Amino acid sequence: MWTRRLFLKAGGVALVTLGVGGGPGFLTRAALAAPGTGSTPGRKRKVLVTIFQRGAMDGLAAVPPIDGTALKALRPRLAAGETALLDLQAGFGLHPSFEPLLPMWKEKRLAIVHAVGSPDPTRSHFDAQDYMETGTPGRKGTPSGWLNRAVGLLGHDGSPFRAVSLTPALPRSLYGDAPALAVTDLAGFKVQLPGADRAAAAAGQGFEALYEQTSQELLRDTGSETFRALHMLSEAEIRGYRPAHGADYPRSPLGNALKQIALLIKSDVGLEVAFAESGGWDTHVQQSVAFPRQARDLARSIHAFWTDLGAYQDQVLLTTMTEFGRTVRENGSGGTDHGHGSCLFVLGHRVDGGKVHGTFPGLDPRALYEGRDLPVTTDFRAVFCELAGRHLGVAEDATLFPGWTGKRLPLLRT
Amino acid sequence: MSTKQASAFTLLAAALAFCAWAGAVNEKPTTVRLPWKEAGLSEREAAAHLLNRFAYGPRPGEVEAVVRMGLDRWFERQLAAGIPDGPLEDQLRRLPALRMSTAEIVKTYPPPGIILVEAREAGVIPRDLVPGDLQSEDRRELRGKVQDFARQRGYREQKELLGQLMTAKLVRAVGSDSQLAEVMTDFWFNHFNVSLTDNQTRSYLLPYERDAIRPNALGRFRDLLEATAKSPAMLVYLDNAQSSAASGAATTLERRMRRRPPETGRRMRPQGLNENYARELLELHTLGVDGGYSQKDVVEVARAFTGWSVMPPGKLREMAESRLARVRRAGGLGFHREGEFLLRADQHDAGAKTVLGVQLPAGRGMEDGEAVLDLLAKHPATARHLAAKLAVRFVSDAPPKALVDRLADIYLKTGGDVRRMLAALAGSPEFWSREAIGAKVKSPFELTASALRATGGEVRDPREILQWIGRMGQPLYAYQAPTGYPDRAEAWVNTGSLLNRMNFGLQLAAGRVRGIGMDLPELNGGREPASREEALNVYARLLMPGRNLDSALKLLGPMVGDPDLVRKIDEAAPKDGASEVGDRRPSTPVEQVVGVILGSPEFQRR
């Protein structure tokens, strides 16, 4: 604790000497980033970006076996409306709406894990999301989320932007002792009094002085961290942010969230774990309308993010997750109901890409979970452990996922 | 001894034991003597400390009023609660759900999904409509149709219900004179947390707080425990409503009807044991994580609570009612209904159980769960757990062990009397020690309530200020985990939330939080301070009475006195109204000073 606070103080001094506000952002940031990072000097921090697909994505619609006979028999009405699948050359097809992901697959940056999910049998969105976010299936009382534990296990001091969720409220994944920030609009991250910007700026200086000198240690330290964070982000840079390399983010909540994550990564403010959400996957009715729309948004957002990152791709590993899959049979409303196993996407330079990982059990009725769902053959913790372990360097699997004794699923190349 | 005799005997023994325990509760008004003088505090300082801890902070003139009444007397009145709230009651009367029964609420505010299903069945909207599509711009007409349909059926939106719950919480915290009752309602709700993030619990949250928590907030812990255990909100949130005897285990119903359990274990859904409630009951509600129970105990407790369930909503309800009527004619058969609570004898595991080394005989129904609650309420680990939690809430994040031990002792001696524990807390030297004063960081809700109380702010429309509470990190009734919000400074103070606290102070004082009425000049008797320094001195004392403000004022002084800063603030005020957005007028110097006070580190503490 002592050391951390000293670092913060050092950061504050660096700020003053550089004259924050006027000076070029990158200079200040370099000064700020220097102390307390704890990682090898000169090496950029690794960032784990997570997207939670809320509502339970139909993994079989996303990545079906390329031989579609079995699935067509189970989903005659859904199959009738389908356009041709994209061939992943691995025995699987990709739903055409995921087309923007295809280049990354071909470059072997993108991998798929199939029949992944939770060992808990619940088909409640709330419970299943809760279990996936705490990382403790079947246990609701776990106080912290797995991403927060991952941050805590990094073992070095962090920036105020170390763990950021681009959501209105902190997600369960980030509950816990490590400081985490929930923000939907980075441009709003400042002392503000709408319509009176300069009064706000003056008040901001007043607050900074007050918090710097208050006797309560926590308020003082967090206050200095807050102002440090404010000085790290320039509003002008945020408002004027232009995605690089012609990246074209969809104007959707997810597109907007990933754009801001890209901005944070490029601003080098110490981001290590980021969280975003994608909604609307609960396709009980008319899946042939809802699924393609959500899939396109997800794929376009990820594609834009990856394009935008350019040279920063090296630092970044992105993964999607969803609470469970959907029934292999269609229901009476042209949709699918709550199921069990689904699939997820992992994207990054070190990813063993262009492959469908895990064990796909097939669609034979005898292979199905409770006679109706794709079984879970890979525990989601085997994937998350691999990602947090190999990408972020978190070694303590048993702390990251208490009570889990399984093995990591190899997904990253050495 | 036959099984029947045995169970009757155990039941009697349990009842007697409970009576003895309950008999220790002192129903007379509690008298207290608060040792603030011994701690070297002035009477004003002491009154302010009381109001900051056992109330949501002082209102204008309230420190003086408490001094006039006498601190002991004020605290005794708070412990007794039930102080009439005149004008506040009128305000609350405008919230119709507060007076509806749970069944009425469930019927009036159905989940949006149910409305859509019914609208589809009634042919109001096309059968193939994707729910998400209803949000899009071109579906406004359809949306209108659904709304009309819902109105015709007498349905109202669930967010309206939740809005009423949150509104009531806020206006009571700000305006009720029974402040301690409100503080304790908040404390116990958080202790027995349920969350609106689980949309199955939404209809039940208001009755949960109203019927299970508030009436018992200053009573006996055992009552609170049972009220929460039987509440639909808890039964749904922690899945006990779905917990039933494992396949092959005989149920109470089968026993009473002398039927054998089916070999295959095929029963009506739900099927099988769910341990969630049992585990949190032990870990969070009673014994605590180090309370000395095993996984075996969790399973046995879960078995004791199998069949503790909820009357179903919607169409299934009539079916359930008529079946229950038949069951009643057959002598009850072990079914038991209390309001929305239903013990399903057809789901209850009738086998013998052993919980924490205590035998629960076979063949019982309702008594199993009740016996477990007795056992847990009387357990020394529960006493320690609750004592520590109360000390953390009212004294400091790391309360002295001696205090916790004393409180635990009082809990055990008084049969879990919350009032007596609070009296002991307020009577303890630890509570009045210098280190304890201002040691707690306010939660965002406490900050909001205390800011409104300090400024005499009036809640006309709570929507925007509720959003602020969420932004500062405490969306009301929305903490997803059963642990409830952590009660320590680190959980509240982080970069994002601190910035939002500063902005909240600034914008509240500047009248930029819509729906809040505030008259800052009136606070100072309509007198306008001659300078910023004076404004600072006057308003800091008004907003933080009974506190030693020397150091705070010294820090704030240069800021408001800085000529450069004054110039900046003056410049910031637009020269003509045209440059302001909408109805925004420039903020006045008093508003700016008050904004800085409300956002200052000093005001974040209680």
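Proteins get letters first, then strands, A, B, ... in listed order; numbering begins at 1 in each. Because the structure is a prediction, the values reported are computed rather than measured.
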Per-residue contact mode, [X] against chain A (heavy atom under 4.5 angstrom):
X	result
Arg471(B)	neither
Glu280(B)	side chain
Ser600(B)	both
Asp198(B)	both
Thr197(B)	both
Ala491(B)	neither
Val441(B)	side chain
Gln480(B)	both

What one should report as the nearest heavy-atom pair of Gln592(B) and Arg532(B) is OE1-NH2, 3.6 Å

task = With a 4.5 Å cut-off on heavy-atom pairs, point out which of Leu498(B), Thr495(B), Asp239(B) contacts chain A the most.
result =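 The answer is Thr495(B).
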
In terms of heavy-atom pairs under 4.5 Å with chain A, the winner among Asn199(B), Leu238(B), Asn503(B) is Asn503(B)

Donor-acceptor under 3.5 Å ([X] side chain, [Y] main chain):
X	Y	result
Ser118(A)	Pro137(A)	no
Thr222(A)	Leu219(A)	no
Asn500(B)	Gly496(B)	yes

I'd like to know which of [options] tops the heavy-atom pair count under 4.5 Å against chain B.
options	value
Thr214(A), Leu170(A), Leu193(A)	Leu193(A)
Glu133(A), Arg139(A), Lys140(A)	Lys140(A)
His284(A), Glu212(A), Lys190(A)	Lys190(A)

If I measure from the heavy atoms of chain B, does [X] come under 4.5 Å with its side chain, its backbone, both, or neither?
X	result
Ala182(A)	neither
Val191(A)	both
Tyr211(A)	both
Phe189(A)	both

Answer yes if the side chains of [X] and [Y] hold a donor-acceptor pair under 3.5 Å, and no otherwise.
X	Y	value
Thr142(A)	Thr136(A)	yes
Arg605(B)	Gln216(A)	no
Gln295(B)	Glu275(B)	yes
Arg220(A)	Gln213(A)	no
Asp282(A)	His338(A)	yes

In Thr336(A), Asn331(A), Asp337(A), the residue satisfying side-chain hydrogen bond (donor to acceptor under 3.5 Å, both in side chains) with Arg326(A) is Thr336(A)

query = Between Tyr237(B) and Tyr277(B), does the ring centroid distance fall short of 6.0 Å?
reply = no

